[in-house]
There are 2 protein chains.
Amino acid sequence: METATCTAPKGRPREFCVDEALGQALRVFWSKGYEGASLTDLTDAMGITRPSLYAAFGNKEALFRKALDLYEREKLCYMSLALDAPTARAVAERLLRGALEMQTSDFEPRGCLRVISSVACGVEAESIRDEVIARRKSSSDALIKRFEKAEAAGELPEHMNAEALSGYLIALLQGLALQAGAGASREELERLVETSLTVWPTK
Amino acid sequence: METATCTAPKGRPREFCVDEALGQALRVFWSKGYEGASLTDLTDAMGITRPSLYAAFGNKEALFRKALDLYEREKLCYMSLALDAPTARAVAERLLRGALEMQTSDFEPRGCLRVISSVACGVEAESIRDEVIARRKSSSDALIKRFEKAEAAGELPEHMNAEALSGYLIALLQGLALQAGAGASREELERLVETSLTVWPTK
DNA sequence: GCGATTATGTACCGATCATTATGGAAACAG
DNA sequence: CTGTTTCCATAATGATCGGTACATAATCGC
């Protein structure tokens with residue numbers, strides 16, 4: 001009865017690495033968006049056939065969700081880590097610099113998969129869009145919670161609350177991702193981060 | 001030889017108003033994006049048939065360009081007007097409040113057509129994407145020019161140049177549009193604008 | 001009245017979309 | 001070996017995509 005937990009490979013073994021294929025699928029979704037990525041694009045990049053894709057991942061939408069999980073786990077990990085910084089300003093700095101580092105990698109697509117997947121789209125992608133927006137909301141809530149701690153610690157200046165500061169910082173991060181996706185140079189993005197940090201309100 | 005300028009309607013007259021139909025097409029592109037808007041969506045909203053659409057506007061891409069022209073002419077006019085404000089801060093305030101007003105209209109789609117159309121997409125929309133990015137660059141250049149004037153007037157604080165400030169402000173506007181498109185409430189957007197103005201760097 | 005011209009409505013085109021039925025190949029247990 | 005299970009490859013599914021042929025209807029100058 002314990003066969004469920006042990007790896008008993010019955011039948012013909014799979015000829016490709018699921019994680020590797022998922023990574024390639026992520027890159028395609030990342031650079032083309034959910035609707036812009038066709039199954040041909042995906043299978044070509046993943047090096048597998050359509051039936052293999054469906055057998056291993058379910059369908060296009062399930063594949064996207066798994067790719068989004070991978071993206072958040074591997075590429076967005078700096079966001080939760082940033083919340084551990086000692087001050088609100090340090091949190092903002094880690095978020096901005098983390099985003100900058102990700103957006104200026106030479107080996108990954110530009111732009112943010114979350115941003116890309118949350119803009120207007122056809123009907124087929126609406127559930128995807130809703131889910132991405134929901135996931136972003138939970139990130140936003142975490143940031144608000146962190147800034148509320150800073151607020152309680154008296155870090156925030158007058159007439160500035162946690163929610164307002166959080167929304168403001170997220171807008172900057174979204175703008176950064178958008179400009180990166182539109183082909184902004186590394187210098188432009190660095191300048192944006194530096195300007196944001198210069199302007200950052202401290203008590 | 002002057003017949004080119006006069007309106008000589010030869011043949012069967014058109015049964016719909018081109019401008020009105022274009023306005024409806026704009027709303028569809030605005031809420032679904034270029035690729036997300038199918039010809040069926042467009043003709044349904046415009047109240048015309050496919051051949052009428054092609055006869056009047058050329059094809060989907062040409063229709064989008066005309067809709068984009070209309071959008072920039074009618075919905076983005078506040079942007080060029082904002083540049084006439086007396087100070088850099090006043091320019092920023094007009095831009096932020098103008099964007100807020102547009103994003104909180106009860107009768108128009110949320111989000112910004114330019115932002116929507118400049119994110120990642122399939123191959124068919126790449127030329128659209130490139131054009132939108134180019135148009136945004138010219139807006140950005142105009143803003144930089146305006147801030148250079150402010151810089152020359154000594155309005156900008158130390159370690160802050162026109163390009164940096166422009167990129168920063170545009171990032172905020174993009175974040176505003178993105179959050180509006182994702183369903184942010186009017187209060188959230190107002191708070192974002194107020195926070196941005198509170199934080200705005202003055203000498 | 002008459003062509004000439006242009007718009008409209010129907011019905012269709014080939015291409016591509018996501019998805020899958022089918023048949024054979026490769027591993028297992030017996 | 002046989003049977004079972006799972007994977008791979010080919011090729012097809014119906015639906016939808018953007019774009020059009022075609023015939024008809026409405027207005028022109030004459």
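A, B, ... follow the sequence lines: proteins, then strands. Residue 1 opens every chain. What you are looking at is a predicted structure, and each value in this text was computed from that prediction instead of being measured.
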A:Phe64 CZ to C:dT19 P: how many Å, rounded? 14 Å
Check this for me: does the side-chain of B:Arg14 come within 3.5 Å of the base of C:dA7 through a donor and an acceptor? no
Find the distance A:Tyr54:OH to D:dA9:C1' and express it as a whole number of Å. 16 Å
Nucleotide D:dT16, atom P - distance to CG of B:Asp41 in whole Å: 12 Å
Distance check needed: D:dA15 C1' versus A:Glu35 CD, whole Å only. 16 Å
Looking only at side chains, do A:Ser127 and A:Asp130 share a donor and an acceptor under 3.5 Å apart? no
Those residues at least two apart in sequence (or on a different chain) that pass side chain to side chain donor-acceptor pair (under 3.5 Å) with B:Lys137 are B:Asp141
Is the number of heavy atoms from other residues, nucleotides or ligands under 6.0 Å of A:Glu108 CD greater than 12? yes
Here the distance between atom C1' of D:dT20 and atom CD1 of B:Ile48, to the nearest Å, is 15 Å
Taken to the nearest whole Å, CG/A:Leu63 to P/C:dA18 is 11 Å
Partners of B:Glu194 by side-chain contact (heavy atoms from CB on, under 4.5 Å), sequence neighbours excluded? B:Arg97
Hey, does the side chain of A:Lys60 come within less than 4.0 Å of C:dA18's phosphate (OP1/OP2), counting only N and O? yes
Identify, between B:Pro51 and B:Pro13, the residue whose nearest nucleotide on DNA chain C lies closer to the 5' end. B:Pro13
NA contact type, B:Ala37, heavy-atom cut-off 4.0 Å: base, sugar-phosphate, or nothing? sugar-phosphate
Take atom CD in B:Glu101; do more than 12 heavy atoms of anything else shown fall under 6.0 Å from it? no
In whole angstrom, give the distance that lies between atom CG of A:Leu39 and atom P of D:dT16. 16 Å
Please check the phosphate of C:dG9 (OP1 and OP2 only) for any side-chain N or O of B:Thr49 closer than 4.0 Å. yes
For a quick test of reading the model: is some side-chain N or O of B:Ser52 closer than 4.0 Å to OP1 or OP2 of C:dA7? no
Rounded to the nearest Å, what distance is computed from the CZ atom of residue A:Arg12 to the C1' atom of nucleotide D:dC8? 5 Å
Quiz item: A:Arg50 side-chain donor-acceptor pair to C:dA18 base, under 3.5 Å: yes
With a 4.0 Å cut-off on heavy atoms, is A:Glu124 in touch with a base, just the backbone sugar-phosphate, or nothing at all? nothing
Closest-nucleotide mapping onto DNA chain D: is B:Ser38 or B:Glu15 further toward the 5' terminus? I mean the 5' end. B:Ser38
Please compare B:Asn59 and B:Gly11 by the position of their nearest nucleotide in DNA chain D and report the one closer to 5'. B:Asn59
